[in-house]
Protein chains: 2
Amino acid sequence: MTEQRVDIKKTLKNYSTTVEKELEKCFADRGIEPRLKDAMEYSLLAGGKRMRPALCLSIAAHYGLDFDVTVPFAAAIELIHTYSLIHDDLPAMDNDDLRRGKPSNHKKFDEATAILAGDGLLTEAFSMMLNVQGVPAERVLQAASVLAYGAGPNGMVGGQVVDMELTGKLDVALGELQHMHALKTGALIVASCLSGAILAGAKDEELAKVIDYGKHLGIAFQIADDMLDVIGDEKELGKPVGSDEAQGKNTYPSLIGIDESRNLAIQMASSACLAIKDFAGAQGEFLRGLAAYVVQRAC
Amino acid sequence: MTEQRVDIKKTLKNYSTTVEKELEKCFADRGIEPRLKDAMEYSLLAGGKRMRPALCLSIAAHYGLDFDVTVPFAAAIELIHTYSLIHDDLPAMDNDDLRRGKPSNHKKFDEATAILAGDGLLTEAFSMMLNVQGVPAERVLQAASVLAYGAGPNGMVGGQVVDMELTGKLDVALGELQHMHALKTGALIVASCLSGAILAGAKDEELAKVIDYGKHLGIAFQIADDMLDVIGDEKELGKPVGSDEAQGKNTYPSLIGIDESRNLAIQMASSACLAIKDFAGAQGEFLRGLAAYVVQRAC
């Protein structure tokens with residue numbers, strides 16, 4: 001976990017810049033109703049590390065696919081992530097007034113517009129994925145299907161429902177929390193990794209490594225996110241410190257304490273690195289470095 | 001418009017029964033969180049004529065594709081339609097307590113669950129479409145892409161935003177109303193028709209006919225729906241007569257009167273029939289008969 005020939009933050013920033021350019025143009029000159037376009041772009045272009053697209057891009061590149069081919073697909077993943085944040089912030093859900101330090105979508109616009117902006121982003125994500133050029137149609141189908149599964153009732157949407165059920169509940173077991181996060185945040189991270197490998201035509205035995213990496217990275221990421229809410233990094237989170245606790249959310253620190261959370265996060269990041277230990281070259285270094293970076297943020 | 005060798009209601013019922021069977025099994029044995037599964041199935045299996053899937057099935061069959069191949073794709077369209085109804089009924093949108101004579105999804109469950117049930121249905125629809133077997137991958141990609149476009153910001157979701165903006169507005173022009181409905185209801189109907197033709201490998205010159213049919217059918221359908229709200233058919237609509245007017249919605253009858261609405265509906269149904277006048281055989285009869293039936297409901 002200590003190799004640092006590749007500058008992780010700089011590489012992540014490069015990926016993010018590439019993805020931003022794609023995001024900026026995806027609703028341009030389309031004749032979309034201005035209020036809807038504004039609302040979708042407000043949240044889509046509000047910053048963020050673009051980690052999920054970066055995972056897709058890096059893994060596709062590791063297996064030999066050109067960046068230019070992968071970018072629209074990778075950017076589409078950010079549309080899915082953004083829709084989930086907009087709906088998650090709604091009054092009926094987490095009722096968050098702030099997102100990345102700015103008014104959440106329904107606060108900036110209104111609730112109906114926020115619901116529809118989320119719906120529009122999710123639907124448009126599939127348009128973007130299905131129109132990827134330069135890859136055999138079978139691979140595009142399979143990669144988009146992986147995203148639909150990871151974002152759907154057996155993945156992210158299912159995790160949201162479990163999250164609602166666990167919120168405010170006492171005596172939540174660690175296993176329940178892990179199951180919820182495996183769906184709510186893990187499934188989309190795994191799908192981001194897996195779709196990159198599929199688009200690039202990676203062999204079946206390679207896919208298992210990528211899934212293994214994504215699963216452990218997802219857990220490490222979530223623990224670090226929970227820890228940041230406690231130890232405080234409003235710049236990173238864009239919402240007040242302690243807001244998870246205030247909402248009655250169960251978190252890793254609330255269940256197992258901050259020290260044990262840190263240990264578990266490091267262990268998960270190590271397992272993620274181990275899963276792709278044979279990834280030679282710059283992408284392997286970036287992906288292992290990213291796992292370490294995700295945890296270091298909170299340590 | 002008077003040919004009746006094919007019994008339209010019976011044929012529509014047969015298509016609907018086939019689609020229902022597919023809908024009943026799509027969330028079975030999947031390990032989906034029970035509350036989410038219940039909420040999705042509550043609205044998905046609440047009845048309805050399944051007109052959009054029937055259009056896809058019939059048009060695909062006209063161009064020679066087996067029903068068995070088309071059914072999962074056609075059923076997926078009903079998931080998209082159902083998600084749109086759930087989100088449309090939400091308090092922040094139309095705030096409807098009833099849908100098809102039963103409590104709307106957020107009344108039966110709660111608002112957060114209804115939002116997520118809609119999100120889950122939309123995402124799962126793409127899973128279903130992308131996993132259609134027995135058709136070349138290129139066609140599946142193109143057909144699913146047509147659905148994503150028709151359901152997205154340039155189609156249905158865009159139409160919802162325009163609808164919100166027109167609601168309560170005075171002096172709405174007929175052109176504005178038609179534009180709104182072309183997006184809100186028309187785009188998904190056109191996409192249902194077009195995707196069936198694409199799945200079956202219809203040639204480009206055929207696609208123009210199918211689009212033309214779908215556009216005119218969509219307008220005829222919407223006018224009839226608006227008329228039913230005025231002249232009264234609660235059984236058909238499942239909501240109180242006059243509820244559009246009570247919500248400040250602009251409708252065809254409110255803009256051009258009931259007689260002119262009827263004339264326009266008949267004219268649109270005739271144009272739909274004309275677009276596919278060369279469709280020989282049972283599917284052509286069904287599709288032309290359906291256009292007539294849609295209008296007859298309200299005459």
Side-chain angles (χ1 to χ4, degrees), chain A residues 27 30-37 39-40 80 83-84 87 90-93 106 110-132 136-142 144-145 147-149 151-162 164-165 183, chain B residues 27 30-37 39-40 80 83-84 87 90-93 106 110-132 136-142 144-145 147-149 151-162 164-165 183:
Chain A
F27 293 118
R30 291 260 306 264
I32 294 169
E33 219 288 318
R35 185 177 176 80
L36 177 61
K37 179 173 179 281
M40 292 191 296
I80 297 180
Y83 119 78
S84 77
H87 282 191
L90 286 167
M93 310 273 281
H106 65 274
D110 57 50
E111 224 178 302
T113 305
I115 293 167
L116 291 167
D119 293 345
L121 286 165
L122 173 59
T123 315
E124 180 65 19
F126 284 98
S127 272
M128 286 170 69
M129 287 189 272
L130 299 176
N131 284 289
V132 161
E138 289 79 5
R139 287 192 205 164
V140 179
L141 269 187
Q142 199 188 339
S145 180
L147 256 304
Y149 189 84
N154 281 93
M156 190 171 69
V157 172
Q160 288 276 25
V161 176
V162 180
M164 276 164 41
E165 290 178 339
L183 298 176
Chain B
F27 294 118
R30 290 260 305 264
I32 294 169
E33 218 288 319
R35 186 176 176 80
L36 177 61
K37 179 173 179 283
M40 292 191 295
I80 297 180
Y83 119 77
S84 77
H87 282 191
L90 286 167
M93 310 273 282
H106 65 274
D110 57 49
E111 223 178 303
T113 305
I115 294 167
L116 292 167
D119 293 346
L121 286 165
L122 173 59
T123 315
E124 180 65 17
F126 284 98
S127 272
M128 287 171 70
M129 287 190 273
L130 299 175
N131 284 289
V132 161
E138 289 79 6
R139 288 192 205 163
V140 179
L141 268 187
Q142 200 189 340
S145 179
L147 256 304
Y149 189 85
N154 281 93
M156 191 171 70
V157 172
Q160 288 276 27
V161 176
V162 181
M164 277 164 41
E165 291 179 337
L183 298 176

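The sequence lines fix the lettering, A, B, ..., with proteins before strands; numbering per chain opens at 1. Since this is a predicted model, take the numbers as computed values, not measurements. All values below were derived from every heavy atom in this structure, side-chain atoms included, with hydrogens, water molecules and symmetry-related copies excluded.
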- Message: For the CE atom of B:M156 and the CG atom of A:D119, what is their distance to the nearest 0.5 Å?
- Response: 8.0 Å
- Task: Take A:E111 and B:E111 through the side-chain contact (heavy atoms from CB on, under 4.5 Å) test and state the conclusion after the steps.
- Result: CA-CA 12 Å; A:E111 224 178 302; B:E111 223 178 303; 3.4 Å; yes
- Message: What's the separation between atom CG in A:L122 and atom OH in B:Y83, rounded to the nearest 0.5 Å?
- Response: 7.5 Å
- Item | Residue from A:E33, A:M40, A:K37 passing side-chain contact (heavy atoms from CB on, under 4.5 Å) with B:P153 | A:M40
- When rounded to the nearest 0.5 Å, the distance separating CD1 of A:I80 from OG1 of B:T123 is 7.5 Å
- Note on the structure: Looking only at B:A114, B:S127, B:A39, the option with the highest number of non-hydrogen pairs under 4.5 Å against chain A is B:S127
- Query: Which word best sums up how the rings of B:F126 and A:F126 line up, parallel for under 30°, tilted for 30 to 60°, or perpendicular for over 60°?
  - Reply: parallel
- Nearest 0.5 Å, what's the CZ-CG distance between A:R139 and B:L141? 13.0 Å
- Let me know if B:Q142 has heavy atoms under 4.5 Å from chain A in its side chain, its backbone, both or neither. neither
- Query: A:H87 and B:L116: side-chain contact (heavy atoms from CB on, under 4.5 Å), yes or no, with the steps?
  - Reply: CA-CA 8 Å; A:H87 282 191; B:L116 292 167; 5.9 Å; no
- Item | Residue part contacting chain A, namely of B:L183, when any heavy atom lies under 4.5 Å | neither
- Might you work through the side-chain contact (heavy atoms from CB on, under 4.5 Å) test for A:I115 and B:L90, ending with a clear yes or no? CA-CA 10 Å; A:I115 293 167; B:L90 286 167; 3.7 Å; yes
